[in-house]
2 protein chains.
Amino acid sequence: MQDLFTSFSLQVNNRVYIKNPESSALGRKIVESSINLIDEVGFEAFTFRKLGLEIHSNEASIYRYFESKYKLLLYLTSWYWSWMEYRIAFGLANIHSPEERLNKAIKLLTENIELDGSFEHINEYKLNRIVIAESSKSYMTKEVDQNNKEGFFAGYKQLVGRVSDIILEINPIYKYPHMLISTLIEGAHHQRFFAQHLPRLTDAVNGEDAIIEFSKEVTFKAIGAKCPTK
Amino acid sequence: MQDLFTSFSLQVNNRVYIKNPESSALGRKIVESSINLIDEVGFEAFTFRKLGLEIHSNEASIYRYFESKYKLLLYLTSWYWSWMEYRIAFGLANIHSPEERLNKAIKLLTENIELDGSFEHINEYKLNRIVIAESSKSYMTKEVDQNNKEGFFAGYKQLVGRVSDIILEINPIYKYPHMLISTLIEGAHHQRFFAQHLPRLTDAVNGEDAIIEFSKEVTFKAIGAKCPTK
DNA sequence: CATTTATGATAGCATTACTATTATATTTGC
DNA sequence: GCAAATATAATAGTAATGCTATCATAAATG
């Protein structure tokens, strides 16, 4: 996907920001450095004041882009899900067999993300770690219903919907396609976190990719289809 | 399990508290009311000052039991996992077929919890909602490794280990028992949350219990065994 | 009933999550 | 090239949070 995205940017619901951070150098710096800083110190310890110091700018200036650090997190996760949808759209182009499409989609959804440098100011590798460790904090809140109404989770829902559709192509009477996919996505994230920090909750040996294997196996068996790579 | 527990209390790692809240009326009041308050306002808005007002006691007094609200959350989740382990231990007593044991364990792990009143000062129904919405905040932190070393997640790990053992009884060469069980537990929690707040991420219709069905199906198919209730 | 121990009341402090104000750059439109 | 609009920086301020410290009082215990 190299260089493909230099020409366009991913759409994020414009209600998560006050001013679009893509629209200025400062905005891009805010996004770039927030990824570094959240990855480094964690979301609870992350503050706009610290971010201001980091980028030699001002706390008040950051507030002109994002209402709060929660909204910024929402921006980052929304961006991530948009990005994931593009990755999948491109990754599945010209593959016709639905089994192979599903197989590839699961790989893309559950694999360890590496830096691909398509977007200058976004480090996908670190962003993936943030999504794994912090994204549940963006929806496990008392404001979830309100935020949902405003469309802040649309990207995630759309992604789950798209992959579920592939499942239904393979097995039109499978009852739980959305459940299966959302369980898988969240599950793979948890497993990556557990593999690093709470290994007794997983069987993922560092190095080999048990998480992808596990996800594929579970999915294809659940829907009663044969995994093309097995 | 009614009245069974009036005679004993569940063990929680004594390093999550400063003074054991089971040891005094104030301590039990703190636990009881913290469950109500966290359930009501959410963990971020929950503070010891508010809790003090609620129980007509003092912020400083609460700090004599728990170092911080994070430790209190850790206490609540640890208690929950201990409780879950007892539920399973009792629920599986005298069942010999490992398939039936697994089937029952999955039901107990993924079902919607109702108030059972075995512990006067703990509302299991609300605690379950807290565990669903807030428990990931107890381990998705920068302090996870430190906390893990101190044994704060021992109960959860033990529970996952026990259920994994049943899987291995059924299929000794299954490669991912821990992954499967931890994915299932977290997954069921997420699905209950999604069913209420983000229904497009799930297929759980309110009322019937798709989540248990889904969990059983996935598990037995993944390990290549037959679910006894199907 | 003296003493330890637990609780309560009050105060204080650094940090957080903002908002407001005013000053200074930078961009843009003509 | 300059006025006017717009974006950013600097500073200050406020209420709430997450504690800690001190001292007084109540309750339990030996």
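Just so it is clear: chains get the letters A, B, ... in the order the sequence lines come, proteins before strands, and each one is counted from 1.
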**OP:** Mind calculating the distance between CG (A:Leu53) and P (C:dT16) to the nearest angstrom?
**Re:** 11 Å
Original post:
Does A:Tyr65 make a side-chain N or O approach to OP1 or OP2 of D:dA7 shorter than 4.0 Å?
Top reply: no
**OP:** Could you tell me the separation between the CG atom of B:Asn58 and the C1' atom of D:dC23, rounded to a whole number of Å?
**Re:** 13 Å
Original post:
Do NZ/NE/NH1/NH2 and the carboxylate oxygens of A:Glu40 and A:Lys50 come within less than 4.0 Å?
Top reply: no
Subject >> Gap between atoms CZ and C1', on A:Arg64 and D:dA5 respectively (whole Å) >> reply: 15 Å
Original post:
Is B:Ser57 near enough to C:dT7 that one of its side-chain N or O atoms lies under 4.0 angstrom from OP1 or OP2?
Top reply: no
Subject >> Base of C:dC18 paired with side chain of A:Glu67 (donor-acceptor, under 3.5 Å) >> reply: no
Subject >> Nearest-Å distance for atom pair NZ/P, residues A:Lys71 and C:dA17 >> reply: 15 Å
Original post:
Does B:Leu74 offer a backbone N or O that forms a donor-acceptor pair with the side chain of B:Thr77 under 3.5 Å?
Top reply: yes
Subject >> Atom pair distance, as rounded to whole Å: CZ in B:Phe66 and P in C:dT7 >> reply: 13 Å
**OP:** Find out whether B:His190 and A:Thr183 are in side-chain contact, i.e. whether some heavy atom of one side chain is under 4.5 Å from a heavy atom of the other.
**Re:** no
Original post:
Does A:Lys50 place a side-chain N or O at less than 4.0 Å from the phosphate oxygens OP1/OP2 of C:dT15?
Top reply: no
**OP:** Would you please confirm or rule out a distance under 4.0 Å between OP1 or OP2 of C:dG8 and any side-chain N or O of B:Ser61?
**Re:** yes
**OP:** Return the nearest nucleotide to the side chain of A:Arg49; candidates are D:dG18, C:dT7, D:dG13.
**Re:** D:dG13
**OP:** Check step by step if side-chain hydrogen bond (donor to acceptor under 3.5 Å, both in side chains) holds for B:Ser82 and B:Gln11.
**Re:** CA-CA 7 Å; B:Ser82 274; B:Gln11 279 313 101; over 6 Å; no
Subject >> B:Lys19 vs C:dT5: side-chain N/O to OP1/OP2 distance below 4.0 Å >> reply: no
Subject >> Spacing of B:Ile55 atom CD1 relative to C:dG8 atom P, expressed in whole Å >> reply: 8 Å
Subject >> D:dC19 phosphate, OP1 or OP2, under 4.0 Å from B:Thr47 side-chain N/O >> reply: no
Subject >> B:Lys137/B:Glu44 ion pair, N-O < 4.0 Å >> reply: yes
Subject >> DNA chain C: 5'-proximal contact among A:Phe48 and A:Ala60 (nearest heavy atom) >> reply: A:Phe48
Original post:
To the nearest angstrom, how far is A:Lys29 atom NZ from D:dT8 atom C1'?
Top reply: 16 Å
**OP:** Take atom NZ of B:Lys69 and atom P of D:dA16, then tell me their distance rounded to the nearest Å.
**Re:** 15 Å
